[in-house]
Amino acid sequence: MSVNATPAGAQVSAEAERPTTTVPTQRGGRRKPPLSENKRAERRLGWLLCAPAALVMVAVTAYPIIYSVWLSLQRYDLRFPDQREFIGLENYVTVLTNEFWWTAFGVTALITVVTVAVELVLGMGLALIMHRTLVGRGLVRTSALIPYGIVTVVAAFSWRYAWTPGTGYLADLFSDGAPLTERASSLAIIMLAEIWKTTPFMALLLMAGLALVPEDLLKAASTDGATSWQKFTKVMLPVMKPAILVALLFRTLDAFRVFDNIFVLTAGGNETSSVSMLAYNNLIRGLNLGIGSTMSVLIFITVAIIAFVFVKLFGTAAPGSDDGERR
Amino acid sequence: MADIVLDKVSKSFPDGTVAVQDVDLEIADGEFVILVGPSGCGKSTTLNMIAGLEDISSGELRIGGQRVNDKAPRDRDIAMVFQSYALYPNMTVRENMAFPLRLAKLDKETINAKVDEAAKVLELVPLLDRKPANLSGGQRQRVAMGRAIVRQPKAFLMDEPLSNLDAKLRVQMRTVVSRLQKQLGTTTVYVTHDQTEAMTLGDRVVIMRGGAIQQVGPPQELYDHPRNLFVAGFIGSPSMNFLHAAVQDGSLHTALGEVPLGDRVRRELEAADAPRELILGVRPEHFEDAELVDEDTRRRGLEFEAPVEIVESMGSDKYVYFTVEGERASAAELEELAADAGAGDFAGTGGNLVTRLSAESPVAEGQSRRVWFNLEKIHLFDPTNGRNLTLHEGRSAGALAD
Ligand SMILES: Nc1ncnc2c1ncn2[C@@H]1O[C@H](COP(=O)(O)OP(=O)(O)O)[C@@H](O)[C@H]1O
Ligand SMILES: [Mg+2]
């Protein structure tokens with residue numbers, strides 16, 4: 001279970017190496033239109049190398065995406081198949097003016113923000129512990145990863161039983177009612193389950209980032225008079241920024257699509273539905289392909305926007321790259 | 001500014017490695033001391049202990065008369081320069097240099113003034129707004145120095161600060177470091193594995209091997225009066241020639257002929273436990289073309305004839321490589337030195353004799369040549385413990401002394 005074997009780890013180190021090796025030339029290349037012969041050949045090679053992966057991705061994902069966009073532009077309810085017709089953006093108007101959608105959107109956003117924030121803090125702590133541990137490092141890492149290794153649905157069920165009065169140890173311990181039947185406590189439990197499950201993943205990604213901080217840099221900071229906290233905030237965090245952004249991106253996208261835990265814990269009751277849950281209910285339960293597809297497309301767009309914002313942030317995040325500030 | 005005293009300082013790592021052993025060293029206020037030795041001999045560990053980056057296992061460290069064993073690096077008021085420069089990649093040159101001052105909570109104007117001054121000294125003014133990634137190696141190195149000097153610390157600690165630079169830049173920066181240290185008069189401990197740097201930079205040089213100090217002294221003294229085989233082989237470039245020598249009837253049999261011995265060395269060799277085999281050490285410049293040596297001088301040395309292998313003319317003098325037959329000198333120290341220098345560089349033990357002859361010598365490759373060497377300048381070492389037998393009260397007097 002090596003850290004660097006994770007795709008994120010690979011991306012992290014690629015981010016870190018970029019500035020020292022190729023950035024200056026690349027920068028020149030991007031700004032000034034006439035590319036040298038070499039540069040152009042290099043760029044062509046880059047495209048060629050990406051091509052197979054890109055083709056497979058397009059082949060696998062393009063059809064369903066286009067198809068769901070197509071469906072979202074139609075009135076198409078399997079219960080009333082004869083009423084199928086092209087209605088343009090009407091479905092979007094319906095969804096975007098619907099309070100259930102916005103409630104679900106709010107719940108999803110809340111879960112995303114809270115869980116990712118808490119996971120970042122806890123994951124960082126865990127990463128620091130794992131990074132510092134000298135003896136039994138393997139054991140510490142393995143045990144920290146256990147929650148991530150358990151199938152989400154199985155873990156969700158164990159949380160559900162734990163919080164069910166009568167059968168569950170947690171329900172009896174912390175409350176007299178049934179926490180999964182009230183909105184606030186349900187949401188808290190959903191978030192708890194999410195955090196418990198994915199903090200190890202966050203920790204792993206962050207640990208890959210910690211490995212990027214050169215030992216000498218911390219030594220230099222020590223002799224420069226930094227306290228441990230100052231070393232962390234002024235030296236480690238800036239150097240780790242790309243790794244942190246990768247971790248945040250992965251987790252944010254994941255968290256925004258939260259489904260399993262809600263499905264098992266509350267089934268969306270008491271206004272605890274996420275957008276994925278809502279889309280699922282409309283598509284599979286309600287058999288309303290038009291509305292369901294519209295929601296899917298909206299989720300897709302939101303996720304794309306999140307990804308776009310993060311990728312924009314990466315641009316200036318790589319250590320040493322100062323594209324933004326250069327005259 | 002302060003003196004630094006290491007009192008029987010040792011360091012053993014949790015895995016059992018003893019990196020530094022009973023190091024005693026007194027560094028005076030304002031002194032420039034070089035720690036030199038092959039890699040892995042404990043130089044960095046020693047420096048890190050002075051900085052507080054490594055705990056001291058035993059012994060006492062005093063800076064400015066105060067015991068600092070248990071003080072954190074930030075409370076020791078020392079500045080350190082690293083081989084990797086260790087510049088903060090997210091900060092500009094100005095921010096890098098201002099960092100220690102900002103941590104010390106100085107006000108903005110003072111910080112700016114100090115940074116500007118240091119930048120001027122190190123010719124960094126046009127680079128102040130750049131990030132480290134956009135600097136050359138030499139520039140980064142100067143920024144690292146700048147970050148150290150802005151604070152006016154009690155001492156500078158430098159761990160191979162020039163090792164990542166190319167040869168030419170290294171020589172340039174050497175003078176920069178030297179000038180800076182003289183100007184500021186700050187106590188400096190400088191670590192290097194390069195004996196040339198050690199010879200040219202410091203007031204005093206500390207030679208380390210396997211975690212222990214071998215000899216401490218001004219560069220010239222180490223060169224002229226090495227206490228043991230290791231020091232003799234480490235200092236000097238090209239290094240000293242080492243030859244096997246067998247003791248027989250009050251003289252030495254070597255590949256260069258029979259070396260007569262003076263009373264003092266003879267007495268040493270009469271002791272019951274005295275070695276029967278020795279290692280003869282001669283520096284390249286103590287050879288001379290026999291033709292060019294006058295009668296008077298000739299009597300103080302020994303002549304031999306050997307085939308010339310290579311002649312390298314340096315203009316001012318000639319490096320001439322001779323092939324000599326005979327047993328090779330062997331000792332643990334020599335193997336270590338050869339391993340550290342990389343196979344090719346350490347010629348000391350091969351069948352090759354490196355000599356530096358006057359430029360006037362008409363020596364040519366392929367021919368055989370008579371060469372003279374100065375017996376008053378040779379050293380004799382005990383191969384079992386490396387001790388220099390020609391050393392008397394810290395002075396080396398050659399083989400003939402009475
Ligand atoms: N953290 C460590 N744990 C164990 N051994 C170490 C550690 N750091 C250094 N050493 C060992 O201590 C010895 C001295 O290392 P060092 O001081 O770095 O040598 P150098 O003279 O090259 O700077 C080496 O043998 C090295 O392997
Ligand atoms: Mg070192």
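Numbered from 1 within each chain, the chains take letters A, B, ... in sequence-line order.
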- Task: Answer yes or no: does atom CD of Glu26(B) have more than 12 heavy-atom neighbours from other residues, nucleotides or ligands under 6.0 Å?
- Result: no
- Enclosure of Asp107(B) CG (heavy-atom neighbours >12, cutoff 6.0 Å): yes
- Of the listed Pro100(B), Ala51(B), Pro14(B), Ala79(B), the one with the largest count of heavy-atom pairs under 4.5 Å with chain A is Pro100(B)
- Query: With a 4.5 angstrom heavy-atom cut-off, which part of Arg76(B) approaches chain A: side chain, backbone, both or neither?
  - Reply: neither
- Interface residue of largest heavy-atom contact number with chain B, from Thr227(A), Leu217(A), Val235(A), Leu218(A), under 4.5 Å: Leu217(A)
- Salt-bridge criterion met for Arg74(B) and Asp224(A) (N-O under 4.0 Å): no
- When rounded to the nearest 0.5 angstrom, what distance separates CG in Leu47(B) from NZ in Lys219(A)? 9.5 Å
- Note on the structure: The interface call for Leu101(B) against chain A, heavy-atom contacts under 4.5 Å, is neither
- Message: Does any backbone or side-chain atom of Tyr88(B) lie under 4.5 Å from a heavy atom of chain A? Answer side chain, backbone, both or neither.
- Response: both
- Message: Is Asp75(B) close to chain A through its backbone or its side chain, or both, or neither, when contacts mean heavy atoms under 4.5 Å?
- Response: neither
- Note on the structure: Heavy-atom nearest pair, Ser84(B) first then Asp216(A), reads OG-OD2, 2.6 Å
- Item | Considering all heavy atoms, the nearest Ser222(A)-Pro73(B) contact | O-CB, 3.7 Å
- Closest approach of Met91(B) and Lys234(A), non-hydrogen atoms and distance? CE-O, 3.8 Å
- Query: With a cut-off of 6.0 Å (strictly less than), are more than 12 heavy atoms of other residues, nucleotides or ligands near CZ of Phe13(B)?
  - Reply: yes
- To the nearest 0.5 Å, atom CZ of Phe99(B) lies from atom CD of Gln230(A) at 7.0 Å
- About how many Å separate CD1 of Ile50(B) and OG1 of Thr223(A), when rounded to the nearest 0.5 Å? 13.0 Å
- Item | NZ/Lys71(B): more than 12 non-hydrogen atoms of other groups inside 6.0 Å | yes
- Item | Ile78(B), part contacting chain A, at a heavy-atom distance under 4.5 Å | both
